[in-house]
Novice: 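The structure follows.
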Amino acid sequence: MILSGPEILSEVRAGRIHIDDFDPERIEPNSYGFRLAEDILWYEQDVIDCFEPPKAEHVKMGPAGMVLEPGRFYLGGTMEAMGSPNYAATLYACRSASTLGIWIQFSAPLGHSGAVFPWTLEMKVAHPVRVYPGMMIGKLAFWSMQGEAVGYDGKYTGSSSAVASRLSMEDPRVAN
């Protein structure tokens, strides 16, 4: 069951949902609005090998922002560290960003319970779009779980900004 905005606020105040920094003005009817961080990554290779660490270009946007180009896949980050050991979460673009042709999190929107950190955003655009650090870009919804909660302890634990794929850590060709 999805949490309502007032329930998200209550759970933040009770310490059962973590959002840092938290602004009650960004509570929405069924979600919390988050902002784009200054870090943007994109891959440099023409061909990416899933079992080799990808080479990523990393920039920090300044106040003038950055123009995202169609045909390129970007990784952005959220300004807020968000999550909960008590709820699963799903991430979506806000309508205002999506109707500008900015798509985020079109492949991996699920945040496991216990995953509390700034989220990495999958980003593409339909046409050149200038984005800015601190702009509202999406919303996070929280879902109650049935059964015992199991906390996330995966390869992205401890992330502090946008993170390139770590799929290479699962290379089955390497003996553990």
Novice: Mind jotting down which residue pairs meet the side-chain hydrogen bond (donor to acceptor under 3.5 Å, both in side chains) criterion with at least one end in residues 69-89? Sequence neighbours excluded, please.
Specialist: Glu11-Tyr87, Arg26-Glu80, Arg35-Glu80
Novice: Going from CD on Glu7 to CD1 on Ile17, what distance comes out if it is rounded to the nearest 0.5 angstrom?
Specialist: 8.0 Å
Novice: Applying salt bridge (charged side-chain N to carboxylate O under 4.0 Å, His left out), name anything that partners Glu170, two or more places apart in sequence or on another chain.
Specialist: Lys155
Novice: Who pairs with Glu25 by side-chain contact (heavy atoms from CB on, under 4.5 Å), at least two apart in sequence or on another chain?
Specialist: Asp23
Novice: Identify the two heavy atoms, one from Thr157 and one from Tyr152, that lie closest to each other, and give their separation to 0.1 Å.
Specialist: OG1-CE2, 3.4 Å
Novice: Please go through Met1's hydrophobic cluster and name the other residues, only I, L, V, M, F, W, Y counting, with side-chain heavy atoms under 4.5 Å joining them.
Specialist: none
Novice: Kindly give the heavy-atom pair with the smallest separation between Gly83 and Val116, and that separation in Å.
Specialist: C-CG2, 3.6 Å
Novice: Hey, does the side chain of Gln45 reach the backbone of Pro54 with a donor-acceptor pair shorter than 3.5 angstrom?
Specialist: no
Novice: Please lay out, stage by stage, how Ser113 and Phe142 fare under the test side-chain contact (heavy atoms from CB on, under 4.5 Å).
Specialist: CA-CA 10 Å; Ser113 59; Phe142 293 91; over 6 Å; no
Novice: Nearest 0.5 Å, what's the CD1-SG distance between Ile104 and Cys94?
Specialist: 7.0 Å
Novice: Considering non-hydrogen atoms only, spot the tightest contact between Ala162 and Gly77 and give its length.
Specialist: CB-N, 4.0 Å
Novice: Can you list every side-chain hydrogen bond (donor to acceptor under 3.5 Å, both in side chains) pair that touches residues 140-149, not counting sequence neighbours?
Specialist: Thr90-Trp143
Novice: Does any non-hydrogen side-chain atom of Pro133 lie less than 4.5 Å from one of Met79?
Specialist: no
Novice: Can you run down the salt bridge (charged side-chain N to carboxylate O under 4.0 Å, His left out) pairs that involve residues 125-145, sequence neighbours left out, and say none if there aren't any?
Specialist: Glu28-Lys139
Novice: Do Leu121 and Leu91 have side chains that approach each other closer than 4.5 Å (heavy atoms only, starting at C-beta)?
Specialist: yes
Novice: Check whether any side-chain heavy atom of Met136 lies under 4.5 Å from a side-chain heavy atom of Ser96, and answer yes or no.
Specialist: no
Novice: According to a hydrophobic-cluster definition based on side-chain heavy atoms being under 4.5 Å apart (Ile, Leu, Val, Met, Phe, Trp, Tyr only), do Tyr92 and Met123 belong together?
Specialist: no
Novice: Would you say that Tyr132 contacts Leu36 through its side chain, given a criterion of any heavy-atom pair below 4.5 Å between the two side chains?
Specialist: no
Novice: Which distance, rounded to the nearest 0.5 Å, do you find between the CD1 of Ile8 and the OG of Ser4?
Specialist: 7.0 Å
Novice: Among residues two or more places apart or on two chains, list those pairs meeting salt bridge (charged side-chain N to carboxylate O under 4.0 Å, His left out) that have a residue in residues 87-105.
Specialist: none
Novice: Is the backbone N or O of Val163 less than 3.5 Å from a side-chain atom of Thr120, with the two atoms forming a donor-acceptor pair by type?
Specialist: yes
Novice: Can you list everything that forms a side-chain contact (heavy atoms from CB on, under 4.5 Å) with Pro70? Sequence neighbours excluded, please.
Specialist: Val125, Pro128
Novice: For Tyr32, which residues count as a ring pair (Phe, Tyr, Trp, His ring centres under 6.0 Å) partner, sequence neighbours excluded?
Specialist: Phe22
Novice: Kindly give the cluster partners of Ile48, where membership spreads through any ILVMFWY side chain lying under 4.5 Å from a current member.
Specialist: Leu41, Tyr43, Phe73, Leu75, Trp103, Phe106
Novice: If we only count heavy atoms from C-beta on, is the Lys60 to Ser161 side-chain gap below 4.5 Å?
Specialist: no
Novice: Not counting sequence neighbours, which residues clear side-chain contact (heavy atoms from CB on, under 4.5 Å) with Val59? List them please.
Specialist: Ile40, Trp42, Met66
Novice: If you compare all heavy atoms of Ser159 against all heavy atoms of Phe117, which two are closest, and at what distance to 0.1 Å?
Specialist: O-CB, 3.3 Å
Novice: Please list, chain by chain and in numerical order, all residues satisfying side-chain contact (heavy atoms from CB on, under 4.5 Å) with Ala81, sequence neighbours excluded.
Specialist: His18, Pro118
Novice: Supply the atom-to-atom distance Ile19 CD1 to Ile27 CD1, rounded to the nearest 0.5 angstrom.
Specialist: 6.0 Å
Novice: What's the separation between atom CD in Glu57 and atom CD in Glu44, rounded to the nearest 0.5 Å?
Specialist: 5.0 Å
Novice: Linking I/L/V/M/F/W/Y whenever their side-chain heavy atoms sit closer than 4.5 Å, directly or via other members, would Met135 and Leu68 fall into one cluster?
Specialist: yes
Novice: Are the side chain of Tyr156 and the backbone of Arg166 linked by a donor-acceptor contact shorter than 3.5 Å?
Specialist: yes
Novice: Do the side chains of Phe34 and Val129 join up, straight or via other hydrophobic residues, at under 4.5 Å, putting them in one cluster?
Specialist: yes
Novice: Could you grab the distance from atom CG of Asp39 to atom NE2 of His58, nearest 0.5 Å is fine?
Specialist: 3.5 Å
